[in-house]
Asker: 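Below is a structure I'd like to ask you about.
Given the structure is predicted, the values throughout are model-derived calculations rather than measurements. Both counts, for ligands and for their atoms, begin at 1 and track the order of listing. Numbering starts at 1 and runs along the sequence shown.
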Amino acid sequence: MSRFDTIVVVDWSARAAPSPANPSKDAIWIGVARDGQVECFYHRTRSAAMDAMGTLFDAELAAGRRVLAGFDFPFAYPRGFAAVVAGQANPLALWAELSTLVEDAGDNANNRFAVALALNRLFPGIGPFWGGPEAETGPELPAKGTERHGHGLPEKRGVELRVPRAQPCWKLFTTGSVGSQALLGMPRLQALRRRYGAALSVAPFEAGDTPIVLAEVFPSLIADVIAELAEPDEINDRAQVRILAGALARLAPEDLTDMLEQGDREEGWILGVGREDDLRAAAMQSDPLDVAGQGLQPPPLRNDCFALPAGVDWTPVDEALGFLQERLAPVVARGAVPVAEAGGRVLAEDLAARRANPPHPNTAVDGWGFDGANIGAGPQTLTAVDGRAAAGRPYGGVVPPGSAVRVLTGADLPQGVDTVVLDEDVALGGGEIAFHGPLRRGANTRRAGEDVAAGALALMAGRVLTPADLALAAAVGHGHIPVFNPLRVAVISTGDELVEAGDVAGPGQIYDANRPMLLRLAARWGYLPVDMGRVGDDRDALRATLSRAAGSADVILTSGGASAGDEDHVSALLSEAGALQHWRIALKPGRPLALGLWDGVPVFGLPGNPVAAMVCALVFARPAMGILSGAGWCEPQGFDLPAAFAKRKKPGRREYLRARVRDGRVEVFASEGSGRISGLSWAEGLVELGDDAQEITPGDPVRYIPFGSFGL
Ligand code: AMP
Ligand code: MG
């Protein structure tokens, strides 16, 4: 059987009037898990909810996707009921019969009590249905369950005997009012059966290999986990549908199929009964994202994302950076990985603490724990109780006032203990401990949540996860972490003059120096470098290589051929594709920068000169790729230091000089030639000179940005 693409969980409601306009409890909530995300919807009436459900089912069917929809009311009654009401022991025949009896208007007004009364009349004695407002109850529909007798039906279905919290379906009023929910629910499901015909089946009554499957669910099966995973202040019904939908979506398909096949053809079944641990485990998997194993794809970039304003001749660096920052967006899919594998990955969502750290008050030292309320100054004596508390091995008893218990570092504080005295400060003998007061109440203990409170923001989306981040995520209860897939960076060198490093260079040939540099930059920034090799100054070859690169990477870095000359094929091709933006940036070294999209993949056409290629990669490509990767924009941090050089600079463009710091002063490389690769290697950072004219004399402050600030 194929897997489900979408899981829907519905928290049903038997209200007789529309629910409040603002999302509130005891109303209809629908959780929809699809494409790795769970969304929750609130509906004020049963009609509105069913309309929404129909729209969703239609869209999913049209897209060839399979849906499991779970509803939290009984799909059947205890054995014997259907045979009397519908003439056969078949719950689906009963649904059809109830559809003819139940009236349920668009505003939730309904006749459920009248229907219950009519059904009671089909059975001997009083009952089985009971409960209702005073005006609706009477001898044939008693107000109290105890007033029933002789109707001959079991109180509960078999499956309900296994689920202690399940309310009986005969009860129409107050807490749970499961009886009313079922009476108003089954006819609605019958309407879905009519609408979708052979495309829909109902578990466990029918063979289930259909595009739509309906099943009975009961979120309270995993109430403990729901309580733990609910967001602070989240409406319980919302938490229930959200968490159960996510859990069902994360179950292994074969487990879910097994669960759907379980159950009784007359009394039905609650999905997952007996398999609660599997449901819990699936709910606890932290990622709501990796559901289909393929993550969530971001929307494509807009074709005009690199457009510069018309008529501008030289764009200042900051303006150019502003455009990139504004127009780019993450291009990588999201997934989820085990916490131990998440180092260096980009966090795709804010991570809230699922539990406090520390989760319980515990002791920070080895020593003796007691109630610190009555510890005054001077000598103190307390009775030593038997047993001890160690990390992971709590002391089960209560420590009475006047007594103390041995505690070891990391142990949860036993009941009755809020203060710990250090081992070294204690004398032990005759079943007592003695030490000198005073001791601050709470001394040597750690409060629950003193590091991180449950529900608090632990890590912000966009972080490149550090080793310490992994420790934090694990400590606050995350087993899997939602991350962006690593950005794949294709690197292409262009130029007829280039030969591969180490090969024999003929006349007029030089070694390809940019490619190893750019590939390593990509790797240093945590991306996946994709080596696309060299291409000569040949438009067709370059076209083919760009297309291959676009097929295997998320961003493409080229070097060379980015100006507007005869052999500048990167520019020519991007412009042929209609997606070229020639960025004439007021920058030295650098200037020609061709930006564009090739098959929807952003291309950074860097200059060929290695110095310019590297400076443009650091200044433009790096922050842009930060956004594309999901990590967000990054500003390299620099600081002012006295110059060890003199320089006169013209206005109108920004300049970067290869630099390093010695004896607290900034030195620059002797030559500014942009082919001087030795200077790049010599440098440990860049000096950034602003767009205005400058006359720098030794000792003047200049802005130095170490390569470390560029992520190197
Ligand atoms: P272009 O931008 O193609 O006009 O190239 C500008 C200069 O950079 C020329 O001197 C090229 O030979 C040189 N150049 C281009 N690509 C590379 C490369 N991959 N490695 C070293 N030098 C290069
Ligand atoms: Mg060239």
Asker: May I ask you to check whether Ile510 has an N/O atom sitting below 3.5 Å from an N/O atom of ligand 1?
Answerer: no
Asker: Run the salt-bridge test on Glu688 and Arg654 with the 4.0 Å N-O cut-off and return the result as yes or no.
Answerer: yes
Asker: Starting from atom 4 (O) of ligand 1, which protein heavy atom do you reach first, and at what distance in Å?
Answerer: Asp568 OD1, 4.2 Å
Asker: Could you report the tightest heavy-atom contact between Ser547 and Trp598, atom names first, then the distance?
Answerer: OG-NE1, 3.0 Å
Asker: Among protein heavy atoms, which sits nearest to atom 17 (C) of ligand 1, and what does the distance come to when rounded to 0.1 Å?
Answerer: Asn514 ND2, 3.4 Å
Asker: For atom 20 (N) of ligand 1, what's the nearest protein heavy-atom neighbour? Residue, atom name and distance, please.
Answerer: Ala513 N, 3.0 Å
Asker: What orientation do Tyr704 and Phe639 show, parallel under 30°, tilted 30 to 60°, or perpendicular over 60°?
Answerer: perpendicular
Asker: Is it true that Gly495 lies under 4.0 Å from ligand 1, counting heavy atoms only?
Answerer: no
Asker: Which atoms of ligand 1 are found less than 4.0 Å from any heavy atom of Tyr511?
Answerer: 20 (N), 21 (C)
Asker: Considering only non-hydrogen protein atoms, determine which one is nearest to atom 12 (O) of ligand 1 and report residue, atom name and distance to 0.1 Å.
Answerer: Glu497 OE2, 2.5 Å
Asker: Does any N or O atom in Arg515 lie less than 3.5 angstrom from one in ligand 1, N or O only?
Answerer: no
Asker: So which heavy atom on Leu351 is nearest to which on Ala473, and how close?
Answerer: CD2-CB, 4.0 Å
Asker: Whether the Thr55 and Asp58 side chains hold a donor-acceptor pair (N or O, under 3.5 Å, no angle test) is what I'd like checked.
Answerer: no
Asker: Does Pro610, backbone or side chain, put an N or O under 3.5 Å from an N or O of ligand 1?
Answerer: no
Asker: Could Asp5 and Arg66 be called an ion pair, given the rule that one side-chain N must be under 4.0 Å from one carboxylate O?
Answerer: no
Asker: May I ask you to identify the nearest protein heavy atom to atom 5 (O) of ligand 1, giving residue, atom name and distance to one decimal place in Å?
Answerer: Gly608 CA, 3.7 Å
Asker: Quick one: which ligand 1 atoms are inside 4.0 Å of a heavy atom on Gly561?
Answerer: 1 (P), 2 (O), 3 (O)
Asker: Closer than 4.0 Å to some heavy atom of Asp512 - which atoms of ligand 1 meet that?
Answerer: 18 (C), 19 (N), 20 (N)
Asker: Closer than 4.0 angstrom, basic N to acidic O: yes or no for Glu60 and Arg65?
Answerer: yes
Asker: Considering distance alone, does some N or O of Ala562 sit under 3.5 Å from an N or O of ligand 1?
Answerer: no
Asker: What protein heavy atom lies closest to atom 10 (O) of ligand 1? Include the residue and the distance to one decimal.
Answerer: Asn609 OD1, 4.3 Å
